[in-house]
2 protein chains.
Amino acid sequence: MAAAAAVSISTASKALNDTGRMGSETRERVKRIAAEIGYRPNALARGLLSKRSFTIGLLTNDTYGRFTLPVMAGISDALVDHGVSVFLCAIEDDPALAQIHVDAMLDKQVDGIIATGKRLDRRLPVDLSNLHVPVVYAFTEGTQNSVTFRSDDEQGARLAVEWLVKIGRRRIAHITGPEDFFSVRERAGAYHEVAGHREPVLYGVWSESWGHEAVEQLWKRPGEKPDALFCGNDQIARGAADALRERGVKVPQDVSVIGFDNWEIVAAQTRPPLTTVDMELKELGRQAGLTVLALAEGRPVEPGVRKLPCRLIVRQSCGGKAPRG
Amino acid sequence: MAAAAAVSISTASKALNDTGRMGSETRERVKRIAAEIGYRPNALARGLLSKRSFTIGLLTNDTYGRFTLPVMAGISDALVDHGVSVFLCAIEDDPALAQIHVDAMLDKQVDGIIATGKRLDRRLPVDLSNLHVPVVYAFTEGTQNSVTFRSDDEQGARLAVEWLVKIGRRRIAHITGPEDFFSVRERAGAYHEVAGHREPVLYGVWSESWGHEAVEQLWKRPGEKPDALFCGNDQIARGAADALRERGVKVPQDVSVIGFDNWEIVAAQTRPPLTTVDMELKELGRQAGLTVLALAEGRPVEPGVRKLPCRLIVRQSCGGKAPRG
DNA sequence: GTGATCTGAGAAAAGCTTTTACCAATCCCT
DNA sequence: AGGGATTGGTAAAAGCTTTTCTCAGATCAC
């Protein structure tokens with residue numbers, strides 16, 4: 001303790017926190033000695049008194065980390081400046097495990113909890129609605145009167161289809177995931193709005209092989225073929241691009257392919273690299289982090305769902321040129 | 001506080017912790033009331049006294065999470081039963097950021113730190129050697145006298161090549177990553193030991209396109225072609241499998257392809273799905289977690305490097321049959 | 001020179017839990 | 001029935017900070 005090295009005990013606290021009255025030379029001396037001996041206050045004791053642990057919990061059921069990691073990065077990025085550390089708890093849709101983790105976090109007096117997941121329209125398997133700490137939902141369904149951050153899939157889909165239209169495509173098909181996903185319906189809705197109903201929507205699963213198979217289906221049908229494929233995610237897009245190449249259809253010369261998610265490992269490795277829609281998950285995490293911090297500090301935050309805009313990432317699978325470049 | 005609801009204050013503690021002497025009916029009553037009002041002790045106060053926070057830090061520079069997530073899952077899995085929560089700190093090879101996170105964790109009195117990374121032969125950009133909390137290294141280079149867990153890449157490579165030999169392959173080529181990676185050299189060493197020096201080792205980068213290009217190189221050369229490709233990771237293997245298919249070479253009938261990493265998103269989506277080597281990162285994380293806990297509790301742990309065996313995952317890219325099935 | 005004001009610093013309490021010490025009351029034994 | 005042991009429970013200290021209160025000494029005004 002700095003007190004031993006220097007003078008008193010409460011004086012030290014006041015010196016280091018720039019609070020209370022005292023001679024400036026005493027203050028400086030205490031600070032200097034504290035720095036010399038590398039004194040750092042015990043956050044547990046501090047938290048015990050201040051009711052703030054400078055700790056938050058991130059709860060996720062996205063085992064694979066596709067969505068959680070960018071969100072986590074954004075949260076950490078936003079909060080590290082405020083001295084806040086993040087507990088990561090991966091619960092695998094296991095309610096019991098989830099409850100254990102939530103209890104452990106509450107015991108450790110987290111200042112707040114951020115819940116995230118892999119699906120906008122599903123709840124985590126644990127009820128967080130009546131905790132005595134603030135809860136923010138990010139990329140997962142929240143409760144009544146909660147603060148929820150999500151990507152604006154409608155706007156993202158519009159971005160994609162408008163891009164295809166802008167570069168001259170007219171027969172745009174939509175290959176996507178299971179229709180019971182909310183984001184699938186939202187993206188399909190935006191697709192219809194922009195592209196009309198000239199081409200079918202093919203619902204399937206979130207896999208490369210479905211993208212592959214969907215192309216087979218489309219090209220087996222009689223009549224004119226699509227000149228663009230708006231795919232529900234990058235994996236489907238990759239499968240579709242592969243299938244087109246194998247049929248001798250040139251991407252992007254003959255057909256443009258556009259994905260969704262900007263999952264680098266898939267999008268950048270596709271031949272050609274995928275133009276796709278990025279959901280800005282890191283920004284989403286950042287805002288969720290700042291919001292839970294605001295709530296923890298008692299600042300008022302309007303409840304409701306906040307949609308964050310997506311961004312178009314132009315690579316080579318559509319042709320066309322990047323805007324402003 | 002349970003005391004208010006029930007009887008005293010220190011009695012409550014003893015009742016709930018099954019310690020001290022007291023009437024069993026009092027003990028039961030306190031327990032019951034505590035359960036009724038949902039009392040949970042404050043871990044901060046408890047930690048202040050016991051010098052144990054039941055919290056550890058996981059430090060990683062693997063932004064992408066390919067290695068960190070399984071390790072994290074293993075750690076969490078092993079420690080959740082002990083009531084330990086995990087701070088995840090992603091430092092992006094930024095020494096200043098790393099130091100901030102380490103300081104924040106120390107302030108919060110973590111019981112220990114696990115350092116992990118994306119490369120066996122690189123250090124994290126922060127010195128953890130003289131902390132007053134135990135440090136365990138997992139999948140990253142540790143310091144002198146530290147405890148380090150790593151995958152046994154030599155054994156893993158041997159597993160792969162022996163498998164190829166066992167299913168009758170004789171001309172086994174090795175396409176792998178940059179030679180300055182320790183694991184590349186180790187895997188190549190094992191490859192040479194098992195397969196001899198009949199085929200060349202092609203060093204390149206960790207990408208699908210390198211796998212693709214390497215196949216071009218091999219097949220352009222005059223003479224007999226390889227009948228098996230041992231690839232340094234799954235991405236290379238996928239690129240190679242794609243290149244073979246495009247050349248009309250049948251996988252696995254004509255050529256077996258085997259990967260390394262068992263990165264599901266790549267290995268399972270390859271056509272055909274990749275037989276590959278799994279580094280058992282989750283198990284690695286589990287052991288690292290239990291070890292740091294042991295150290296935190298003062299139990300002695302022999303310092304040194306512990307190599308964990310890899311496991312062969314048989315899918316369809318090699319032909320042959322899965323062992324015992 | 002004396003009462004009022006100010007200044008610098010220390011003492012003490014609070015925050016919550018666990019542990020040790022302690023104190024009545026009961027019990028047993030002779 | 002009286003002394004020692006046992007029992008059931010409370011009081012208090014410790015762990016580390018921060019904050020509020022208090023106090024001694026100095027300064028100032030008249």
Side-chain angles (χ1 to χ4, degrees), chain A residues 1-35 37-55 83 85 103-111 132-133 296-298, chain B residues 1-35 37-55 83 85 103-111 132-133 296-298:
Chain A
M1 159 64 103
V7 278
S8 77
I9 179 167
S10 53
T11 308
S13 172
K14 291 193 295 191
L16 298 176
N17 294 324
D18 280 325
T19 167
R21 295 182 316 211
M22 67 195 318
S24 58
E25 123 277 3
T26 309
R27 196 179 291 270
E28 289 312 316
R29 183 164 48 89
V30 173
K31 280 185 179 178
R32 182 170 46 74
I33 294 183
I37 67 172
Y39 168 78
R40 314 210 94 227
N42 181 326
L44 264 44
R46 180 180 263 169
L48 190 56
L49 193 54
S50 67
K51 306 286 197 179
R52 288 286 313 281
S53 65
F54 290 92
T55 285
S85 305
D103 287 344
M105 295 194 301
L106 293 177
D107 288 352
K108 280 155 190 151
Q109 311 293 117
V110 289
D111 295 335
H132 59 278
V133 298
E297 291 172 352
Chain B
M1 157 66 99
V7 275
S8 77
I9 178 168
S10 52
T11 308
S13 172
K14 290 194 299 189
L16 297 177
N17 295 324
D18 281 326
T19 165
R21 296 183 313 215
M22 66 196 317
S24 58
E25 124 275 4
T26 309
R27 198 178 290 270
E28 289 313 315
R29 182 164 48 90
V30 173
K31 281 186 178 177
R32 183 171 45 74
I33 293 183
I37 66 173
Y39 168 77
R40 311 212 95 224
N42 181 326
L44 263 46
R46 180 180 264 171
L48 191 56
L49 193 56
S50 67
K51 305 288 196 177
R52 289 286 313 281
S53 64
F54 290 91
T55 284
S85 305
D103 287 345
M105 294 193 302
L106 293 177
D107 288 354
K108 280 154 191 152
Q109 311 294 116
V110 289
D111 295 334
H132 59 278
V133 299
E297 291 173 350

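First the proteins, then the strands, lettered A, B, ... as listed; each starts at 1. Side chains are part of it too, since the values below use all heavy atoms of this structure and drop only hydrogens, waters and symmetry mates.
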In whole angstrom, give the distance that lies between atom [atom1] of [X] and atom [atom2] of [N].
| X | N | atom1 | atom2 | answer |
| --- | --- | --- | --- | --- |
| B:Leu49 | C:dT18 | CG | C1' | 5 Å |
| A:Asp18 | D:dT17 | CG | P | 17 Å |
| B:Lys14 | D:dT7 | NZ | P | 13 Å |
| A:Arg21 | D:dC23 | CZ | P | 14 Å |
| A:Leu44 | C:dT17 | CG | P | 13 Å |
| B:Gln109 | D:dC16 | CD | C1' | 9 Å |
| B:Arg52 | C:dT19 | CZ | C1' | 18 Å |
| A:Met22 | D:dT19 | CE | P | 14 Å |

Does [X] make a side-chain N or O approach to OP1 or OP2 of [N] shorter than 4.0 Å?
| X | N | result |
| --- | --- | --- |
| A:Thr11 | C:dA9 | no |
| B:Ser8 | D:dT10 | yes |
| A:Asn17 | D:dT17 | no |
| B:Tyr39 | C:dT17 | yes |

Subject >> Value rounded to 0.5 Å, distance of OH in A:Tyr39 from CG in A:Leu16 >> reply: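 Going from the OH atom of A:Tyr39 to the CG atom of A:Leu16 covers 6.5 Å.
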
Original post:
Which value, rounded to the nearest 0.5 Å, describes the distance between B:Leu106 atom CG and A:Arg40 atom CZ?
Top reply: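 Going from CG on B:Leu106 over to CZ on A:Arg40, the span is 8.0 Å.
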
Original post:
Is A:Thr26 touching bases, backbone alone, or none of the nucleic acid, heavy atoms closer than 4.0 Å?
Top reply: sugar-phosphate

Original post:
With a 4.0 Å cut-off on heavy atoms, is B:Arg46 in touch with a base, just the backbone sugar-phosphate, or nothing at all?
Top reply: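 Sugar-phosphate: the residue B:Arg46, judged by heavy atoms under 4.0 Å, touches backbone atoms but no base.
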
Original post:
Do side-chain atoms of B:Arg27 reach the backbone of B:Lys14 as a donor and acceptor pair under 3.5 angstrom?
Top reply: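 Indeed, once roles are kept as given, a pair shorter than 3.5 Å links the two residues.
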
**OP:** Answer yes if the side chains of B:Thr55 and B:Lys108 hold a donor-acceptor pair under 3.5 Å, and no otherwise.
**Re:**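 Judged by distance alone, the side chains do not pair up.
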
Subject >> Distance-only donor-acceptor test, A:Ser10 side-chain atoms vs C:dA11 base atoms, 3.5 Å >> reply: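 Answer yes: a donor N or O sits under 3.5 Å from an acceptor.
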
Original post:
Of the non-hydrogen atoms in B:Ser13 and B:Thr19, which two are nearest, and what is the gap between them?
Top reply: O-CG2, 4.4 Å

